[in-house]
Amino acid sequence: MTAWHPPAPLSAGSGAPIRVLICEDQALVRAGYVTIFSAQPDMEVVGEAADGRAAVEAARALRPDVAVMDIRMPLLDGIEATRQLAGPGTTARTRILVVTTFNVDAYVYEALRAGASGFLLKDAPPAELVNGVRTVVRGESLLAPAVTRTLIGEFAARVRAPDGPAPAPVPAPGPGAGPDAAQEREQEREREQEQEQERLKVLTPREHEVLGLLSAGLSNAEIAAELVLSAETVKTYVSRILTKLDLRDRVQAVVLAYRAGVAPGRR
């Protein structure tokens, strides 16, 4: 099920509104999102989708600035929909804001790895949801530094590679299982780490420093203080890092740093 909304009129002198697509299978929740976003002077809801397949089709047709994406949806889950819209090799600039019921849910981290720009809980107050959309549109991480440290740091190694297949079910004990299987998984992790480290070779030493501090959860202001730079200079470094690595935002940079094994331990 897909619903497209007519363009909202702009007030004189205003800029283009943030175009929002709602991807949520529960009709009442979806209607609530529409009401919240439509009430904002700088936003317009351009469409709704009740399943993941419809979400992908609507996003490609409507080209919204932000898709508010549920994870558990019929036909195609929000993670795969996110990968198709914002994963490696995609050219669309729609940013994905994942909304979930649980704050410690492996699906959330898989969605971030698939290309999402951040996440919120479904019980977040309307003001937080609205601010979340504005945040990801600016290309910033929705995750607070403390959340980046404690959550991504713990789960980044457990989820699949950005362009890899979903994890296979754990096999039952039998031939090929046991130490050999564990060794194969470790070798695969090492290969993936080497691939990510190869990507990082395009960065300068200073950009490596900035990435390391960013992956530790520091804000631009904190990185500036640590490196004795201006906040504007740090912002420029972060922008260069994202451009060189073909990343959409800070969240993806943090995940990449953990996968490459260059992120420092939590402080």
Side-chain angles (χ1 to χ4, degrees), residues 17-52 55-56 58-59 64-73 76-87 93-156 158-159 214 217 219 247-255:
I18 298 171
R19 295 164 51 80
V20 182
L21 173 66
I22 308 299
C23 310
E24 164 64 54
D25 64 326
Q26 297 183 49
L28 286 177
V29 177
R30 196 167 62 246
Y33 289 161
V34 171
T35 299
I36 291 170
F37 294 126
S38 297
Q40 307 307 312
D42 60 339
M43 297 183 188
E44 68 169 322
V45 176
V46 297
E48 305 170 43
D51 63 73
V56 172
D65 298 306
V66 178
V68 177
M69 184 77 68
D70 187 20
I71 288 180
R72 295 181 177 90
M73 290 190 293
L76 189 71
D77 64 45
I79 295 170
E80 183 56 33
T82 295
R83 180 175 293 102
Q84 292 186 23
L85 294 173
R93 302 312 297 176
T94 296
R95 300 184 186 279
I96 310 297
L97 173 57
V98 170
V99 182
T100 181
T101 305
F102 307 102
N103 64 344
V104 181
D105 183 347
Y107 287 115
V108 173
Y109 305 95
E110 291 195 39
L112 293 176
R113 297 290 290 281
S117 295
F119 75 89
L120 285 174
L121 300 181
K122 280 192 175 180
D123 61 359
E128 188 173 332
L129 187 63
V130 168
N131 182 63
V133 167
R134 292 180 179 133
T135 297
V136 298
V137 158
R138 293 195 301 267
E140 299 174 11
S141 166
L142 181 59
L143 305 178
V147 174
T148 301
R149 267 199 303 274
T150 58
L151 299 186
I152 293 184
E154 291 179 11
F155 286 90
R158 302 186 190 182
V159 294
L214 187 150
S219 66
L247 302 172
R248 279 185 168 79
D249 49 45
R250 298 167 71 99
V251 172
Q252 291 188 334
V254 171
V255 172

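Every heavy atom of this structure was used, including side-chain atoms; hydrogens, water molecules and symmetry mates were not.
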Find the distance between [atom1] ([X]) and [atom2] ([Y]) and round it off to the nearest 0.5 Å.
| X | Y | atom1 | atom2 | value |
| --- | --- | --- | --- | --- |
| L97 | L129 | CG | CG | 6.5 Å |
| T82 | D77 | OG1 | CG | 8.5 Å |
| Q84 | I96 | CD | CD1 | 11.0 Å |
| D51 | L76 | CG | CG | 8.0 Å |
| I71 | C23 | CD1 | SG | 12.5 Å |

Give the minimum heavy-atom separation between [X] and [Y], together with the two atoms involved.
| X | Y | result |
| --- | --- | --- |
| A253 | L247 | CA-CD1, 3.6 Å |
| L21 | P64 | CB-CG, 3.7 Å |
| A50 | D25 | O-CB, 3.2 Å |
| A67 | T94 | N-CG2, 3.8 Å |
| V130 | F37 | CA-CE2, 4.2 Å |

[X] (side chain) donor-acceptor with [Y] (main chain) under 3.5 angstrom:
| X | Y | result |
| --- | --- | --- |
| R30 | E24 | yes |
| D65 | R19 | yes |
| R95 | V136 | yes |

Just wondering, do [Y] and [X] contact through their side chains at under 4.5 Å, heavy atoms?
| X | Y | result |
| --- | --- | --- |
| K122 | D70 | yes |
| V20 | Y33 | no |
| M69 | L85 | yes |
| M43 | V66 | no |

Residues at least two apart in sequence or cross-chain that pass salt bridge (charged side-chain N to carboxylate O under 4.0 Å, His left out) with R134, listed by chain then number, are D42

